[in-house]
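This report concerns only the one structure given below.
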Amino acid sequence: MSKLKSFIFKRPDWFKHEGYWRLAQVFRLGPAATFLVFSGFFLVGMLFMIVSKDRDVTFAAGASLGWLAGAILYVIAAHWLIRLIVWIVEGFQSIDKANQ
């Protein structure tokens with residue numbers, strides 16, 4: 001659990017600027033939180049369907065799992081996209097330093 005918390009919240013060594021890291025966190029965790037809210041919405045709907053004796057809850061269960069998987073995949077994809085952007089920016093900065 002500690003590694004997961006570190007992955008989500010701790011600024012990695014390769015990301016040098018704290019302000020940009022906070023902005024990246026907003027773009028990384030904001031949509032993921034929205035996905036989790038939709039997952040919870042469908043989970044509550046599934047529970048409501050079970051209580052009301054509606055036995056066909058496959059859509060609600062599938063949608064809930066789909067939104068949850070989407071949230072997880074979004075966080076991972078955004079992490080690697082941010083890492084790629086930092087790598088590209090650092091490449092251009094090293095070229096600028098070499099030309100001076």
Side-chain angles (χ1 to χ4, degrees):
M1 188 69 168
S2 172
K3 288 188 179 193
L4 178 64
K5 187 176 178 181
S6 175
F7 174 75
I8 293 177
F9 295 113
K10 185 178 178 226
R11 181 177 53 86
D13 294 336
W14 50 263
F15 206 108
K16 308 260 188 283
H17 196 276
E18 180 68 28
Y20 288 136
W21 174 247
R22 291 180 184 183
L23 182 62
Q25 285 292 82
V26 169
F27 287 122
R28 187 170 77 143
L29 298 178
T34 305
F35 289 175
L36 288 175
V37 166
F38 278 112
S39 176
F41 174 73
F42 281 104
L43 184 64
V44 168
M46 182 180 73
L47 294 174
F48 178 74
M49 291 171 73
I50 290 172
V51 168
S52 67
K53 305 287 189 230
D54 188 359
R55 298 289 181 210
D56 188 25
V57 295
T58 55
F59 175 76
S64 179
L65 286 175
W67 282 105
L68 178 64
I72 293 168
L73 290 174
Y74 182 84
V75 168
I76 293 170
H79 176 81
W80 286 105
L81 180 64
I82 290 168
R83 190 171 185 140
L84 176 67
I85 291 169
V86 168
W87 178 70
I88 291 170
V89 167
E90 285 181 353
F92 280 114
Q93 288 175 349
S94 66
I95 290 171
D96 288 344
K97 288 179 184 177
N99 289 337
Q100 290 179 355

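Keep in mind that what you see is a predicted model, and the values were worked out from it rather than measured.
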Exercise for review: Would you check if there is a donor-acceptor pair between the side chains of Arg28 and Gln25 at a distance under 3.5 Å?
Suggested key: yes
**Study point:** Spatial distance of atom CG (Asp56) from atom CE (Met46) [nearest 0.5 Å]
**Key:**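 Interatomic distance, Asp56 CG to Met46 CE, rounded to 0.5 Å: 12.0 Å.
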Check your understanding: To the nearest 0.5 Å, what is the distance between CZ (Phe35) and CG (Leu29)?
Key ->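 Output value for this atom pair is 12.5 Å.
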Practice item. May I ask you to list the residues sharing a hydrophobic cluster with Leu36, side-chain cutoff 4.5 Å, ordered by chain and number? Key: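 Leu68, Ile72, Ile76, Trp80, listed by chain and number.
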Check your understanding: Quick one: hydrophobic cluster around Leu23, which other residues, with the 4.5 Å side-chain cut-off, linked directly or via members?
Key -> Phe27
Verify same cluster id: [X], [Y] (apolar side-chain graph, 4.5 Å):
X: Phe59; Y: Leu47; value: no
X: Tyr74; Y: Ile85; value: no
X: Val86; Y: Trp21; value: yes

Practice item. Assign the ring pair Phe42 / Trp67 to parallel, tilted or perpendicular, where the plane angle (0 to 90°) is split at 30° and 60°. Key: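 If you compare the ring of Phe42 with that of Trp67, the planes turn out parallel.
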Point to revise | Closest heavy-atom pair and its distance - Val26, Pro31 | key: O-CD, 3.7 Å
Check your understanding: What are the two closest heavy atoms between Ala71 and Ala32, and how far apart are they?
Key ->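 Smallest interatomic distance, heavy atoms only, reads CB-O, 3.7 Å.
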Check your understanding: Would Val51 and Phe48 count as a side-chain contact (heavy atoms from CB on, under 4.5 Å) if you check the C-alpha gap in whole Å, the side-chain angles of each, and the deciding distance to 0.1 Å?
Key -> CA-CA 5 Å; Val51 168; Phe48 178 74; 5.6 Å; no
Point to revise | Greater than 12 external heavy atoms within 6.0 Å of Phe38's CZ | key: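 No, because the 6.0 Å sphere around CZ of Phe38 holds 12 heavy atoms or fewer from other groups.
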Point to revise | Non-neighbouring partners of Tyr20 that pass side-chain contact (heavy atoms from CB on, under 4.5 Å), sequence neighbours left out | key: Phe15, His17
